[in-house]
Number of protein chains: 2
Amino acid sequence: MSRSHIDVTEQVDNPACPVTEVLDRVAGKWAIGILVAAAKGPVRFTELERGIEGISRRMLTLNLRKLEREGLLVRTVYPTVPPRVEYECTEMALELNETLLALVDWARLHSGDIACAHATYDAAQAQDQEAAPSTRSVPLSA
Amino acid sequence: MSRSHIDVTEQVDNPACPVTEVLDRVAGKWAIGILVAAAKGPVRFTELERGIEGISRRMLTLNLRKLEREGLLVRTVYPTVPPRVEYECTEMALELNETLLALVDWARLHSGDIACAHATYDAAQAQDQEAAPSTRSVPLSA
DNA sequence: CTGAATCCATCCCGATACTG
DNA sequence: CAGTATCGGGATGGATTCAG
């Protein structure tokens, strides 16, 4: 790469580039949770289903397939009765997991600030509401 | 599990926790692009609109509002004619941007592997198709 | 146990048009 | 220039049911 510094802007902002494409997939609602859960070692389907609060079986399957297709998870089927399937992070996924954990750390570190920002923003909106009710469809007090 | 180490799993897998909540927002299709674009300094609305290929005005506005609400962007209106609005990353967002860049780097580093994984996976699927057409709704040759 | 298939509600998102 | 309003299609996601 001949660029002296990292100018990823043009890369990221181009939806056709592989970076954005990949990021879109990891960006899903459940992907991070699954990846983090699988980072600690092989995990069974049901373990994930119970471990990830709120996910449906369908969504779990879908995400698992997607991540497997991305090459982030390896699916291993043990031909036993009853069937046993384990999902394991690939090396690539473990690397990604490092970054993901950094992301999580960031989120935890600033969750307070963000909650505060929400409150501030919402309060400001409420102010604007009563300050400029011009677009109100129903008159205030007839 | 005595959580002597960082056990973020339970944090991430709980949809009610602030971490997941925050991550969901940054995980959007455009958020990363906007954040990265704004990291280099104040940016005007139209600059973003033109810079981010494929985004609609509506989506840009929505994402901008969301990120502002998250406390990641600061919106500054200059009461001039014509109006001039600038968006700037907060310090918090700049920190996040570091991690985001790591994510982008990872994606670029492994985009080849991922493309390869796609091909392999899809090929395997095609194999399964012709290997086990048992669930086919139309008989093969009457 | 581990899915696949179907149905259905929701919501995201893009295109378009209008405004201060 | 920097939005807002509205509409409609398509993707997303949950519940349920069936199957290997």
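These numbers were taken from a predicted model, which means no experiment stands behind them.
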To the nearest Å, how far apart are [X] [atom1] and [N] [atom2]?
X: B:M59; N: C:dT16; atom1: CE; atom2: P; value: 15 Å
X: A:L60; N: C:dC1; atom1: CG; atom2: P; value: 14 Å
X: B:I52; N: C:dC13; atom1: CD1; atom2: P; value: 14 Å
X: B:L62; N: C:dC11; atom1: CG; atom2: C1'; value: 12 Å
X: A:Y78; N: C:dC1; atom1: OH; atom2: P; value: 17 Å
X: A:E86; N: C:dC1; atom1: CD; atom2: P; value: 14 Å
X: A:E49; N: D:dT16; atom1: CD; atom2: C1'; value: 14 Å
X: A:I55; N: D:dG13; atom1: CD1; atom2: C1'; value: 10 Å

Quiz item: Do B:R84 and B:E86 pass the salt bridge (charged side-chain N to carboxylate O under 4.0 Å, His left out) test, and can you show the C-alpha distance, the side-chain angles, and the key distance before you say yes or no?
Solution: CA-CA 7 Å; B:R84 173 196 185 87; B:E86 282 187 350; 3.0 Å; yes
Go through [options] for me and flag the one nearest to the [X] side chain.
X: B:K29; options: C:dG14, C:dG3, D:dA2; value: C:dG14
X: B:R65; options: D:dT4, D:dG13, C:dG14; value: D:dT4
X: B:R75; options: C:dA4, D:dG3, D:dA2; value: D:dG3

Quiz item: Between A:V74 and A:L48, is there a shared hydrophobic cluster once you connect ILVMFWY residues whose side-chain heavy atoms come closer than 4.5 Å?
Solution: no
Self-check item: Cluster check B:Y121, B:I114: I/L/V/M/F/W/Y, side chain < 4.5 angstrom
Solution: no
Self-check item: Result of checking A:L94, A:N63, A:L67 against A:L35 for side chain to side chain contact (heavy atoms under 4.5 Å, CB included)
Solution: A:L67
Quiz item: Closer than 4.0 Å, any side-chain N/O of B:R58 to the OP1 or OP2 of D:dA5?
Solution: no
Quiz item: Taking only side-chain nitrogens and oxygens of B:S56, does any of them come within less than 4.0 Å of OP1 or OP2 of C:dC13?
Solution: no
Exercise. Describe the nucleic acid contact of A:R57 in one word from base, sugar-phosphate, nothing, applying a heavy-atom distance below 4.0 Å.
Key: base
Quiz item: More 5' along DNA chain D: B:V77 or A:P83, using each one's nearest nucleotide?
Solution: B:V77
Exercise. Kindly say whether A:M92 contributes a backbone atom to a donor-acceptor pair with the side chain of B:W106 at under 3.5 angstrom?
Key: yes
